[in-house]
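Have a look at the structure below before the remarks.
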Amino acid sequence: MARKEIAIKEIQTIEKEETSRIPAKGKHHTHETAETMAARQRDISVSEFFAKNRHLLGFDNPRKSLLTAIKEAVDNSLDACEEAGILPEVLVEVEDLGRDRFLIIVQDNGPGIVKKQIPNIFGKLLYGSKFHRLKMSRGQQGIGISAAGMYGMLTTGKPVEITSRTHKTKPAHHFRLQIDTKKNKPEIISDRETEWDVEHGTQVAIELEGKHTHGKQSIDEYLRQTAIANPHVMIIYKEPGGETITYERTSHELPAHTQEIKPHPLGVELGVMQALLRDTRARNLAGFLQHEFSRVSQRVAEEICANAGLSPNALVSRVSHADIEKLLEGISKTKIMNPPTSCVAPIGEEQLIRGLQSVVPADFYASTTRPPAVYRGNPFIIEAAIAYGGSEQEGDAPARVLRMANRVPLLYQQGGCCAYQSVVQTNWRNYSLSQPRGSLPLGPLTIVVHMASVWVPFTSESKEAIASYPEIEEQIIKALQDCGRKLKIYLSHRRRETDEQRKHDYITTYIPHIGIGLRELLGFSEKEEQNVVQTLTGLLERHRE
Ligand SMILES: Nc1ncnc2c1ncn2[C@@H]1O[C@H](COP(=O)(O)OP(=O)(O)O)[C@@H](O)[C@H]1O
Ligand SMILES: [Mg+2]
């Protein structure tokens with residue numbers, strides 16, 4: 001066969017194979033074509049995505065889901081109250097409806113929500129006031145409360161109920177809402193004005209599938225730790241059994257007001273820089289740098305441009321991809337002041353101890369607030385505290401670690417959290433504690449680690465563990481070492497005291513015998529004997545005082 005003929009034959013067989021892949025009418029087929037696939041390709045709404053992947057948001061099992069839903073509502077209440085300058089008073093109620101169903105109600109005395117916004121806030125994922133700003137808050141992504149409502153709807157079919165009022169002169173509104181997951185849009189079931197004896201605030205009620213437990217990772221534990229990190233908050237918790245637990249506030253001071261900041265140029269990624277350049281209203285490069293970033297003055301802007309080999313007068317609209325690369329390099333070569341820290345507020349050493357005292361009874365407390373630091377351009381502050389001793393803490397068990405981020409307790413994924421890993425990496429043997437290799441220190445000890453930041457780098461959307469950035473780890477370890485040093489001083493002091501007490505007890509036992517001995521040996525009268533005993537006892541007492 002000639003070569004040409006072979007080639008034609010090959011083409012024919014290929015054509016034959018290809019035509020056999022196109023589904024003929026009425027014929028059974030298993031393969032897809034680009035066209036059949038195209039017919040199915042379409043947008044995925046964010047709510048559809050998270051309805052399928054609800055474990056990413058902390059709704060993976062009934063027990064955790066109940067906690068997550070409450071956490072999202074309480075976090076929102078606290079954020080809203082603080083932003084409005086109101087001392088938070090939060091009511092949490094959990095009612096067991098039987099057959100693994102619960103009704104949760106969370107009510108606050110916050111600023112309320114304007115009527116028009118209620119459907120979007122509770123009936124749409126990725127809608128919120130906090131994502132687009134750099135400021136410390138509990139919520140960030142705008143998927144918290146709407147996801148809780150969506151989980152409730154998926155597991156019980158019941159809508160979310162919201163009551164909110166913004167001022168005593170205005171009516172309260174009551175909504176019943178669902179999420180249309182296909183469109184990620186709210187579906188209003190009912191909407192009416194209502195009588196409410198609350199002047200301003202919000203109440204959210206969600207029916208959901210859950211499981212109620214006590215102990216570790218429970219609602220009790222979350223509220224208890226919330227009280228530690230938020231001594232200014234009052235929480236009233238009505239348990240499923242009908243019992244009411246009140247966490248009184250131990251401080252009447254609101255956390256320091258934080259300010260929104262612009263991003264710091266150091267650590268800004270290329271894509272982010274690109275987006276900022278596209279959206280800016282500045283015309284030239286120097287103006288852009290001054291306007292969009294914190295800590296960039298005219299002088300610093302010019303220095304960055306010089307280090308980047310770009311003109312400060314270059315038009316923003318003409319900046320190319322290669323120029324952005326140069327710009328980032330210019331930034332990394334320029335000495336720029338650390339970002340302002342007015343955007344983060346620590347709990348504070350004194351407040352942290354007060355919070356800890358109210359829920360963990362112990363013999364000794366210590367705390368440390370580190371100076372502000374920066375990771376990837378984001379300012380943050382690390383705090384640590386310890387509570388040692390007391391009859392409620394187990395003497396030879398591993399220490400308990402309480403992790404917090406922006407005043408929110410983190411109860412899951414301990415092992416994967418930078419805070420926990422830093423506790424393990426700290427050498428507690430330096431501070432008179434025993435510590436098996438690669439584990440927690442042993443003893444009657446509770447350790448608190450708090451990270452406050454404009455953006456806490458969580459390892460997942462469910463916000464359970466802090467990612468291990470070296471800058472964060474370093475700060476945590478330094479804070480723990482500081483608490484450790486204070487603990488060591490206390491322990492050695494205590495050891496000296498018990499030593500002295502033992503000697504004192506020993507001598508006290510022998511003083512009467514000395515009296516008797518002297519009477520027999522030197523022929524003392526009973527009076528003289530008593531005198532000697534009294535003098536010696538008095539001497540010992542005076543020395544002790
Ligand atoms: N109890 C509340 N009081 C006032 N505003 C609230 C309350 N709950 C939620 N909001 C508003 O709804 C927004 C969306 O809440 P959420 O879905 O939890 O996202 P995030 O808290 O991450 O912003 C918040 O940013 C806030 O503006
Ligand atoms: Mg939230």
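For ligands, and for the atoms within them, numbers begin at 1 and follow the listed sequence.
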* **Those atoms of ligand 1 less than 4.0 Å from some heavy atom in Q140** => 22 (O)

* Is it true that G142 lies under 4.0 Å from ligand 1, counting heavy atoms only? -> yes

* Structure fact -> Ignoring waters, protein N/O/S atoms under 2.8 Å from the Mg ion (ligand 2) are N76 OD1

* Please confirm whether G112 comes within less than 3.5 Å of ligand 1 when only nitrogen or oxygen atoms on both sides are compared. => no

* **Which segment of D75 sits under 4.0 Å of ligand 1 when only heavy atoms are counted** => neither

* So with a 6.0 Å cut-off around CG of D43, is the heavy-atom count from everything else above 12? -> no

* Structure fact -> In terms of its nearest heavy atom to atom 6 (C) of ligand 1, the top option of L125, I113, D79 is I113

* **Pairs flagged by ring-ring contact (aromatic ring centres under 6.0 Å, His included) wherever residues 58-91 is involved - sequence neighbours left out** => F59-Y151

* To do: Would you mind running through ligand 1 and noting each atom that sits below 4.0 Å from a heavy atom of Y127?
  => 14 (C)

* Asked: Are K478 and E474 ion-paired here, with the side-chain N under 4.0 Å from a carboxylate O?
  -> yes

* Summary of ring-ring contact (aromatic ring centres under 6.0 Å, His included) pairs that have at least one residue in residues 207-254, sequence neighbours excluded -> H212-H214

* To do: Flag the pair I477 / Q425 as yes when at least one side-chain heavy-atom distance between them is below 4.5 Å, and no otherwise.
  => yes

Using atom types as modelled, flag every donor-acceptor pair under 3.5 Å from a side chain in residues 459-469 to any protein atom, sequence neighbours excluded.
unit_1	atom_1	unit_2	atom_2	d
S460	OG	S462	N	3.1
S460	OG	S462	OG	2.8
E461	OE1	Q141	NE2	2.9
S462	OG	E464	OE1	3.2
K463	NZ	R138	O	3.1
E464	OE1	Q413	NE2	2.8
E464	OE2	K64	NZ	2.8
S468	OG	Q421	OE1	2.8
Y469	OH	R376	NH1	2.8

* Asked: Who gets closest to atom 23 (O) of ligand 1 by heavy atom: K130, Q107, Q117, E83?
  -> K130

* Asked: Relative to ligand 1, is T202 under 4.0 angstrom through side chain, backbone, both or neither, heavy atoms considered?
  -> side chain

